[in-house]
Amino acid sequence: MIRMKSSAAVTFGLIGLALLGSGLPAGMAATAHRNTKVYKAVEANRAGALELLKLIVDIDSGTGDVAGGAKVEAVLAELLTAQGAQVSAIPAEAPGLPDNLVAVFHGSGKGKILIVAHIDTVFGPGTVAARPFTIDADRAHGPGVGDEKAGVVNAITALKILRDIGFKDYATITPLLDDSEERGSPGSTRLIQTEAQRHDVEFNMEPGDPPDALTVWRKGSAGVTIQVKGRAAHAGMAPQDGRNAAVELVHQLSALEGAFPHSGDGTTVNLTILKSGERGNIIPDYAEATLNVRYRRLEDLDTVLAKVHEASTTTIVPDTTVTVSHTASFPPLTENADIDALAARAQAIYAEIGKTVALSGNGGASESALAMAVGTPALDGLGFVGGDFHTDHEWIDLNSITPRLYLFTRLLMEAGAAPPRRSPP
């Protein structure tokens, strides 16, 4: 285990963690094109990155945990300020959420870079007490360790490395720490899009897919709610007087089963929340289900909604009414020439250390789609590599820290010196 210092005492100095190694597979030789100055700085800051990761993983910050989110942001704000950034707390755009954190680094070059990472997790208060940060062989575990606190650490450590080596060939670099990504960023959507419009490129710190990939497409996400209203009655004395909303809801869900896949690269629809009844002796007069929809194109969501509305017109329980509504969070991130150009840059940088990085996509929506929607080129999946997100065995690959930190530092340098062109939204 790593002995941690509190808050501002977190350092990025080299610590004796010999068992964790350098982060590269044994025997891998770096190519002649490697930026030696950056690589040495990465190696010197690796242990400090792990220190910081342990510190913020061991703070509960599930979406809506205002106090926990504020604690994480206080640690990060202090570090960013010490690194020379102008740091601001931006109030959430929805109630019951902590502030967003925006920092700005000013350089002397051309590129204006937006880095988006989120500090919220899907885990509630008390999770850290039950299973804090741990290291097991080549993996680190803990609530939100990959999704996405490791991405936050990768970004902040890369920014420190730029300062360590005296790199200023950028106009501005703006890390934006989102308070509510796991719910579709209701507390930060306008902020993200406003900042994206002011920048040349957006880099997103979601984890890389195993074994080692960047994310060039993502599905959009939406929640579809089916509500059924019936009539309550005593379940023993007069059940015939009731109109069972739960039974009708089961009928609605059965009618939709098989209409859309539950998994795969295309549209998926999955039941995630089911509610009905409060007492065991009452026919329920209300029932509600939430379907999680993931889709590659906007018209795919329209297809799902049309099918759910169509099913709602037919009921089997008399005198029940069915209402369908939906809430969209992130739109799809659709691969295009801008994303491909950024990915090619990243692949060339990885080749500098003798590694290759694949390009992939998945159903996990993110803020990158918000940036692309306003015409800002975006590249996603720039955190450390990990897996089993949103579970009690979430992990990151410790061997990915050194190469991923090198990749992101060099990507910031290249985008700062030669920013990509913005396309019209």
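Below, each value reflects all heavy atoms present in this structure, side chains not excepted, and no hydrogens, waters or symmetry copies. Residues take their numbers from the sequence shown, with the count starting at 1.
- Side-chain contact check for Ile115 versus Phe408: some heavy-atom pair is nearer than 4.5 Å.
- Residue Leu177 holds its CG atom at 11.5 Å from CD1 of Ile90, rounded to the nearest 0.5 Å.
- A distance of 12.5 Å separates CD1 in Ile396 from NZ in Lys149, rounded to the nearest 0.5 Å.
- Residues Glu195 and Arg198 are paired through a salt bridge, judged by an N-O separation under 4.0 Å between the basic side chain and the carboxylate.
- A 4.5 Å side-chain heavy-atom check between Phe105 and Leu80 finds at least one atom pair inside the cut-off.
- By the 6.0 Å contact criterion, NZ on Lys168 is enclosed, its count of non-hydrogen atoms from other residues, nucleotides or ligands being greater than 12.
- Between Pro210 and Gly386, the closest heavy-atom pair is CD-O, 3.1 Å.
- Under the 4.0 Å criterion applied to side-chain N and carboxylate O atoms, Asp392 and Arg131 are not assigned as salt-bridge partners.
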Next on the checklist: For Val308 and His326: C-alpha separation, side-chain torsions, deciding distance, then whether side chain to side chain contact (heavy atoms under 4.5 Å, CB included) applies.
Outcome noted: CA-CA 10 Å; Val308 178; His326 81 281; over 6 Å; no
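- For the pair Ile161 and Leu405, the minimum side-chain heavy-atom distance is below 4.5 Å.
- In this structure, the side chain of Thr81 does not engage the main chain of Glu78 through any donor-acceptor pair within 3.5 Å.
- What you find for Glu93 and Arg190 is that their closest heavy atoms are OE1-N, 3.0 Å.
- In the model, Asp147 has a side-chain atom that pairs as donor or acceptor with a side-chain atom of His390 under 3.5 Å.
- Just one of Thr225, Thr272, Asn270, Ile226 meets the side chain to side chain contact (heavy atoms under 4.5 Å, CB included) condition when paired with Leu291; it is Ile226.
- Counting all heavy atoms, side chain and backbone alike, Leu214 lies closest to Gly381 at CD2-O, 3.5 Å.
- Without hydrogens or angle criteria, Thr127 side chain to Gly124 main chain gives a donor-acceptor distance under 3.5 Å.
- Inspection of the Glu43 and Thr402 side chains reveals no N or O donor paired with an N or O acceptor under 3.5 Å.
- Between Ser312 and Thr323, every side-chain heavy-atom pair lies at or beyond the 4.5 Å cut-off.
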Derivation and outcome, side chain to side chain contact (heavy atoms under 4.5 Å, CB included), residues Leu50 and Arg46: CA-CA 7 Å; Leu50 276 169; Arg46 184 179 186 277; 3.8 Å; yes
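- Checking Asp178, Leu333, Asp380 one by one against Glu367, the side chain to side chain contact (heavy atoms under 4.5 Å, CB included) holds for a single residue, Asp178.
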- prompt: What do the steps show when you test Ile353 against Tyr39 for side chain to side chain contact (heavy atoms under 4.5 Å, CB included), and what is the final call?
  reply: CA-CA 9 Å; Ile353 54 174; Tyr39 197 83; 3.9 Å; yes
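- Not counting sequence neighbours, the partners of Glu414 by the side-chain hydrogen bond (donor to acceptor under 3.5 Å, both in side chains) test are Arg410.
- The structure places CZ of Phe384 at 7.5 Å from CE of Met205, a figure rounded to the nearest 0.5 Å.
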| query | Does the pair Ile173 and Leu162 meet the rule for a side chain to side chain contact (heavy atoms under 4.5 Å, CB included), with working shown? | reply | CA-CA 11 Å; Ile173 300 179; Leu162 294 185; 3.8 Å; yes
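- Considering CG of Asp338 and CZ of Arg421, their distance stands at 8.5 Å, rounded to 0.5 Å.
- Pairing each heavy atom of Ser221 with each of Ala365, the nearest pair is OG-CB, 3.8 Å.
- Lys54 has its side chain out of reach of Ile135: every pair of non-hydrogen atoms, C-beta onward, lies at least 4.5 Å apart.
- At distances below 3.5 Å, at least one donor-acceptor pair connects side-chain atoms of Thr391 with backbone N or O atoms of His393.
- In this structure, the side chain of Asn100 engages the main chain of Asp179 through a donor-acceptor pair within 3.5 Å.
- Here Leu114 contributes atom CG and Gln197 contributes atom CD; the two are 11.5 Å apart, rounded to the nearest 0.5 Å.
- In this structure, Asp136 contributes its side chain and His141 its backbone to no donor-acceptor pair below 3.5 Å.
- Put simply, the side chain of Gln347 never gets that close to the backbone of Thr356: no donor and acceptor are under 3.5 Å apart.
- Residues satisfying the ring-ring contact (aromatic ring centres under 6.0 Å, His included) criterion with Phe330, sequence neighbours excluded, are absent altogether.
- Side-chain contact check for Lys219 versus Pro332: every heavy-atom pair is 4.5 Å or farther apart.
- Without hydrogens or angle criteria, Gln252 side chain to Val322 main chain gives no donor-acceptor distance under 3.5 Å.
- For the pair Val72/Val75, no side-chain contact is recorded, criterion being any heavy-atom separation below 4.5 Å from C-beta on.
- Here Arg404 pairs with Asp212 in a salt bridge; the nearest charged N to carboxylate O distance falls below 4.0 Å.
- The main-chain N or O of Gln227 is never found under 3.5 Å from a side-chain atom of Tyr286 such that the two would form a donor-acceptor pair.
- Identified under the salt bridge (charged side-chain N to carboxylate O under 4.0 Å, His left out) test for residues 296-307, with sequence neighbours left out: Arg297-Glu299, Arg297-Asp300.
- Between the side chain of Asp120 and the main chain of Glu181, a donor-acceptor pair closer than 3.5 Å is present.
- When every heavy atom of Thr189 is checked against every heavy atom of Gly184, the shortest pair comes out as OG1-O, 3.9 Å.
- One distance of note links OG of Ser366 with CD of Glu206; it measures 5.5 Å at 0.5 Å rounding.
- Phe203 is listed as a side-chain neighbour of Leu411, based on a closest heavy-atom distance under 4.5 Å.
- Using modelled atom types, one side-chain atom of Arg183 and one backbone atom of Thr63 make a donor-acceptor pair closer than 3.5 Å.
- Across Tyr406 and Glu352, no two heavy atoms sit closer than the pair OH-OE1, 2.5 Å.
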